[in-house]
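One structure below.
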Amino acid sequence: MWRLGLIKKLFSMSRKFILTKEETLPENRLTIAYRDELNEQQFQVATIGNGPVLVVAGAGTGKTRTLIYRVAYLVETGVAPEHIVLLTFTRRSSNEMLNRAAGLLDGRCKRVRGGTFHAFCLTILKQYASKLDYPNNFTILDASDAADVIDVVRSTSSINTKGKRFPRKGTLQSIFSSVRNKGVAVGQVLEAGYPQFGAFTQEIELLFEEYSRYKQKHGLMDYDDLLIMTLKLFSKDPAVLFEIASSCRHVLVDEYQDTNRTQSLIVKALASVHGNVMVVGDDAQSIYRFRGADFKNIIGFPTEYAGSTVLKLEHNYRSTQSILDLANHLLSQAKRKFDKQLFTLKEGGDLPGLVPAPDDRFESRFVSQLILQLREQGIALREMAVLFRNGHNSFDLEIELGRKNIPFVKYGGLKLAEAAHIKDVLAYLKVIENPRDTVAWNRILQLLEGVGPKTAGQIIEWIEADQDDSFELKERPFSTAYIESLRALFVMLRSVKTSESTPTSQVEAVLAYYLPVLKRVYYEDFQKREQDLEHLIGLTVSFGKRSELLDSLVLDPIELTVIDVEAVKDDEPPLTLSTIHSAKGLEFKVVFIIHAMDGIIPSSYSVGDDESIEEELRLLYVAVTRAADHLYISYPSLQYRRYDGQYFTQPSRFLESVPEDILELCSLVEQDPVELPSHPAPNQLTSSGTPNQ
DNA sequence: ACAAGCAGTTTTTTT
DNA sequence: AACTGCTTGT
């Protein structure tokens, strides 16, 4: 492990020469009228000179827009687009920003580099992998791949997992990820988050070491490695750091409050030559503590970067005053105080509504009916969103929307690349790409009839011993139970490997082999899964290389229901369903927050830990501030749990102390469909009163 | 000895 | 829906 001190020393090593600042274009020769199109605070941000800058931007203050103008300004004043690095949270927001910036300057911003930290680091690592003793065709493990590797390591190690309850593979994976993202010891992570496994500290530490060794040996990198290995590369080879940092004349980071320690060190490294780093964020919207994000990064920025400028964006252009009142009230409940009060010129507006529904079904009917009515009133579906805490909170609503023929896209929850059948298909391609990828081998071997964990492990040992990437089946004591199907598998792998065809035809070739397997293994619902595979073929056409397809699917996971987007491409733009986490940075005219009961928001997992509860509060704050004009918060009063039957719920504790002149309590009243007026105002559907139970 | 099938439990949020 | 632990079958 490298040390923080070493990195710091590294940065100070590069000698600095002071150049006189190149003359910037006079303002009147710029093509964009920055002063007219931005407010004073935004203008400052967009046009500020060199040096470190922290922008504290409240929700809805035009942060994205300002960053776009910043990029445009830099390009216009002579910075080459490829010397600008724009790090954003999702590739979705990165693309949106670059497209909008390109629109401002007729395409000149297209060559700005950027994307997520992980994607950006990947491009560096692909180039310099050999310096870290990795092959440059290394495989990226997603969270469940990583868990599978941990499982393999555990079963081959001599650790006794019997007796008392030993953590499962997925739990181990999150423990290891915390260790690395927070930079603390295994023992500390266990103590803080998993006290029940404290007795296994030694075993878990051992596994952690073995897991790291295994990845190195087999050319595997998990998500955390992409970041940490990049830092390691920088500290191992200062010349590489210097070369990369030299090409980063301006580093811009969005959502800085959600970066972790490693990411902040990467930013520091990238800015180590030119020192031009602008980070934008809002500590009140920090919602990724669970994966190591630390809002201290944003708070501590001015101390970390001497001579930095702090700018603020406080004018909210998005929401009505009524919605901001609720948002401000939520923030006032936080233990850690925020020095921000958002203000808007959009006075008044309907009060946000709190709607207790009798149960799930009523909640879904309420939301979908109101959506239809608002659409009648001229609000497009694409301007409305339903937000929720957990991916599965919308299942019932999804059925109802389907019934009412309301098109929707869902963000968050299950990703296409996480579905078992997609992982199967990708595993064949991964093995062809990197024959040392034992996780993928393990997966595809176990799809053979008569091969389970033990036999798969045995076959993998033989394959590894061969050190031969040509997929020839050598003489081994194979059992007759599976030898024929194993032979068929190798024939397929060899023919795809040697075909040198496009990723699309490679996927098609794999599918020809895989479809019978699919039907046997998933005989219950293979038809549904077959559709996803069709969708996968559609996705492959934009890739020129197999490795690009594989990397992209891991780093930029396609949401499962994006299928629906394709289907309705020419029709009405769909309604958005999203987890609150995935809705970060987005805005909608109408927002529904569903399942807003205690135990969901805040999650029952966070109860008992003040810091976690605070994060849940910020999460609700983020959800509320997505809304521009109308906000409805609902929850089912009655829930079913499989074993203890029905039980009554409480609304989220964060909403309990909110006075009725900020959040209006509504009730649902059932009415004959014929009686429905054709153009009711949203408030007429609900009337103030006691909850209807 | 190992694979396959069944039953019962458990599920946050994301790169 | 997927994972674990248990039982049955080869």
Side-chain angles (χ1 to χ4, degrees), chain A residues 87-92 94 115-122 140-144 146-148 151 161-162 165-171 173-174 177 180-181 221-227 255 258-260 262-263 286-293 387-393 395 411-415 417-421 423 445-446 448-458 479-482 520-525 528-529 551-557 559-560 578-584 595 599-607 612 615-616 618-620 622-623 641-643:
Chain A
L87 295 170
T88 52
F89 207 68
T90 61
R91 204 174 291 198
R92 206 179 351 143
S94 160
T116 61
F117 276 91
H118 296 265
F120 186 77
C121 288
L122 175 65
I140 305 165
L141 305 173
D142 72 15
S144 74
D148 287 343
D151 210 38
T161 61
K162 287 269 184 257
R165 267 217 350 235
F166 195 76
R168 325 173 149 192
K169 57 179 181 179
T171 314
Q173 191 271 326
S174 18
S177 187
R180 311 185 71 206
N181 280 316
M221 284 204 202
D222 62 22
Y223 283 138
D224 304 323
D225 286 323
L226 292 177
L227 305 179
E255 311 281 10
D258 285 323
T259 54
N260 61 30
T262 317
Q263 289 165 326
S286 133
I287 53 173
Y288 281 99
R289 200 180 73 103
F290 70 91
R291 62 160 217 218
L387 307 182
F388 34 86
R389 175 65 174 84
N390 304 328
H392 58 255
N393 293 147
F395 284 173
Y411 296 102
L414 250 191
K415 302 290 190 293
E418 284 164 3
H421 47 292
K423 299 206 78 161
L445 289 174
Q446 290 198 47
L448 301 173
E449 237 174 334
V451 177
K454 267 277 143 54
T455 314
Q458 181 69 80
S479 150
T480 50
Y482 55 79
R520 174 171 53 82
V521 180
Y522 306 101
Y523 55 91
E524 279 171 311
D525 58 351
K528 227 171 76 187
R529 293 173 189 261
D551 293 342
S552 169
L553 280 173
V554 185
L555 287 182
D556 193 15
E559 321 278 337
L560 252 183
S578 177
T579 58
I580 302 173
H581 284 91
S582 296
K584 165 177 274 283
H595 275 55
I600 302 289
I601 317 179
S603 158
S604 49
Y605 293 89
S606 65
V607 175
S612 303
E615 176 141 314
E616 299 284 314
R618 294 194 295 269
L619 195 57
L620 186 57
V622 168
R641 214 158 23 200
R642 206 159 295 181
Y643 289 98

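Chain A is the first sequence line, chain B the second, and so forth, proteins listed ahead of strands; every chain is numbered from 1. Please read all numbers here as calculations on a predicted model, not as lab measurements. Heavy atoms only: backbone and side chains are in, while hydrogens, waters and symmetry mates are out.
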Q) Which whole-number value in Å describes the distance from A/K454 NZ to B/dA1 C1'? A) 9 Å

(Q) Heavy-atom nearest nucleotide on DNA chain B for A/V451 versus A/Q173: which residue maps closer to 5'? (A) A/V451

Q) Which value, rounded to the nearest 0.5 Å, describes the distance between A/L620 atom CG and A/I580 atom CD1? A) 6.5 Å

Q. Out of B/dT11, C/dA2, B/dT14, which nucleotide sits closest to the side chain of A/Y605?
A. B/dT11

Q | Integer-rounded Å distance: C/dG9 C1' and A/E449 CD | A | 14 Å

**Q.** Nearest-neighbour nucleotide for the A/K169 side chain, B/dT15, C/dT4, B/dT14 considered
**A.** C/dT4

**Q.** Closest nucleotide among B/dT14, C/dT4, B/dT15 to the A/Y288 side chain
**A.** B/dT14

Q | A/N390 CG - C/dA2 C1' separation (whole Å) | A | 17 Å

Q | Name of the residue among A/D225, A/D224, A/T262, A/N260 meeting side chain to side chain donor-acceptor pair (under 3.5 Å) with A/R180 | A | A/D225

Q. How would you list, by chain and number, every residue that makes a side chain to side chain contact (heavy atoms under 4.5 Å, CB included) with A/R291, sequence neighbours excluded?
A. A/F89, A/Y288

Q: Please work out if A/G391 contacts a base, only the sugar-phosphate, or nothing of the nucleic acid, heavy-atom cut-off 4.0 Å.
A: sugar-phosphate

Q: Check the distance between B/dT15's P and A/L141's CG and give it to me in whole angstrom.
A: 17 Å

Q | Interatomic distance where CD belongs to A/E255 and C1' belongs to B/dT15 [whole Å] | A | 14 Å

(Q) Quick check for you: among B/dA3, B/dT14, C/dA2, whose closest atom lies nearest to any side-chain atom of A/P453? (A) B/dA3

Q: Rounded off to whole Å, could you give me the CD-to-C1' distance for the A/E418 and B/dT11 pair?
A: 13 Å

Q. How close or far is atom P of B/dT15 from atom CG of A/L553, stated in whole angstroms?
A. 14 Å

Q.
List the residues meeting side chain to side chain contact (heavy atoms under 4.5 Å, CB included) with A/V521, not counting sequence neighbours, and say none if there are none.
A. A/L447, A/V517

Q. A/F395 has an atom CZ; how far is it from atom C1' of C/dA2, in whole Å?
A. 12 Å

Q) Is A/T455 near enough to B/dA3 that one of its side-chain N or O atoms lies under 4.0 angstrom from OP1 or OP2? A) yes

Q: State whether A/T579 places a side-chain N or O below 4.0 Å from either non-bridging phosphate oxygen (OP1 or OP2) of B/dT14.
A: yes

Q: Report yes or no: is the ring centroid of A/F290 under 5.5 Å from the six-membered base ring centroid of B/dT13, with the two planes under 30 degrees?
A: yes

Q) Can we call the ring centroids of A/H581 and A/Y411 under 6.0 Å apart? A) no

Q: Would you kindly compare A/R291 and A/Q446 by the position of their nearest DNA chain B nucleotide and give the one closer to the 5′ end?
A: A/Q446

